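Only one structure is covered here, and it is reproduced in the block below.
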Amino acid sequence: METCVQRSIKHCLDMIAPLEMQNQPEDGQVQFYKFMVSLYQEMYQQPEKYMVFSKPYEEYITKLKAQEAPQKAHVNNSKESTLRNTFQQAIQFYAMYFYKIGLKSKAIDGQSGALIILKEDYADVLNQMESIHGSKYNAERYKVLSKLGIQVYEKDTSVCISHTTYKQAMEGLVYLCKAPDSKYKWMNYIRLDFKNAYSPIPTVNDICKTLPARSAEAVKKLEDNLSGMKIKAKIKPLRGIVSDFKWKVEYAYKGKNICGFYADNGYFMLCIYFNHFQNINEFAKILFEEDYDSFLWFKNQFPERKCKCPNNRRVYFDNEPRRICGLSNRAEIVNPDENDIDRALWVLKKYRHIA
């Protein structure tokens with residue numbers, strides 16, 4: 001059985017960009033890419049070897065599921081969150097460590113291929129790595145890196161870091177870390193996205209390369225139906241690539257978000273935005289009077305929120321009340337089939353008066 005930890009590691013692999021470069025492939029970029037991918041692949045097979053422990057989270061979730069009363073939406077479980085953050089930060093420890101040394105690096109040694117960092121800067125990196133959950137295992141994690149071929153040694157006022165097999169890998173690391181600052185810089189790094197590292201923004205097409213064919217086709221169909229309009233796609237930067245993080249894209253028209261989607265390798269949700277809960281009421285009345293079949297489909301796309309959130313709002317489908325999130329005011333079509341996509345696009349066009 002695949003554990004939650006393994007699913008999260010697999011998610012990291014699924015979210016990594018294809019090995020593409022802006023120009024001709026550079027050996028250092030290829031080597032760092034291969035090294036990180038192999039690290040995640042082995043971590044998936046042996047999480048405990050990498051000091052990523054699944055047992056505490058799995059035992060707690062099993063206990064939680066055995067409870068009679070299910071958790072309501074928007075109820076935060078602090079213990080579950082802490083346990084999840086602990087194993088997810090352990091997964092991302094290795095990428096974060098390389099990122100921090102890459103940012104502070106001063107040069108690459110031409111002969112050995114070693115990354116050069118000042119001693120005080122390296123000490124600062126090690127200190128920063130102590131802030132994660134489960135930092136008591138950091139010493140063991142550095143030993144893991146050593147076994148994987150990472151060599152760390154001092155030379156005069158600097159620390160040199162290299163790989164015994166991937167001798168030019170540090171060049172690829174520095175290439176990503178020395179990219180211009182932008183809100184996508186960290187995302188490009190964790191995705192090993194060499195093609196977009198020095199570009200201002202990723203594209204929706206880049207996202208589709210990480211999605212199953214069915215989801216990618218749904219995105220293409222959505223964009224085809226929006227073509228010809230002055231639509232702006234807004235891609236939210238990923239703060240991580242473990243299993244809690246999904247692509248989020250919103251399409252804005254005349255300054256308002258009209259639709260969007262959340263997606264990863266196993267999940268796809270198409271959203272239609274109504275911007276205010278009263279707009280949902282009014283549009284539901286129109287559908288009820290004009291197309292009852294579409295009305296029935298429409299009302300099923302609004303999950304009920306039973307929490308006591310101050311932003312909770314009540315909408316009506318004919319005489320049926322439902323409490324929804326007043327912050328989103330959106331229809332949520334989860335893992336839609338072809339019929340759902342067609343209906344969603346019809347609703348979007350009708351509501352927005354798109355020809």
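Computed from a predicted model, the values in this text were never measured in an experiment. Sequence positions, counted from 1, serve as the residue numbers for this chain.
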Donor + acceptor pair across side chains of [X], [Y] (<3.5 Å):
| X | Y | answer |
| --- | --- | --- |
| Thr82 | Asn85 | no |
| Thr203 | Asp206 | yes |
| Asn127 | Glu130 | no |
| Arg323 | Asn312 | yes |

Parallel, tilted or perpendicular, as decided by the 30° and 60° cut-offs, for the rings of Phe302 and Phe317: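 Tilted: the ring planes of Phe317 and Phe302 meet at 30° to 60°.
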Salt-bridge present (Arg305, Glu332; N to O < 4.0 Å):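 Glu332 and Arg305: salt-bridged.
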Electrostatic pair Asp124-Lys100, nearest N-O below 4.0 angstrom: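 Judged by the 4.0 Å cut-off on N to carboxylate O distance, Asp124 and Lys100 do not form a salt bridge.
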Connected-component partners of Met1 among ILVMFWY, side-chain separation under 4.5 Å: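 Once heavy-atom contacts under 4.5 Å are chained together, Met1 still belongs with nothing else.
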All side chain to side chain contact (heavy atoms under 4.5 Å, CB included) counterparts of Glu59, not counting sequence neighbours: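 With sequence neighbours excluded, Glu59 shows a side chain to side chain contact (heavy atoms under 4.5 Å, CB included) to Lys55, given in chain and number order.
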Summary of side-chain hydrogen bond (donor to acceptor under 3.5 Å, both in side chains) pairs that have at least one residue in residues 227-237, sequence neighbours excluded: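 Passing the test, one end in residues 227-237: Lys234-Asn257.
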Rounded distance [0.5 Å steps], OH in Tyr273 versus OH in Tyr251: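 That separation rounds to 11.0 Å.
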Whether over 12 other heavy atoms sit under 6.0 Å from Glu338 CD: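 Check fails, neighbour count at 12 or below.
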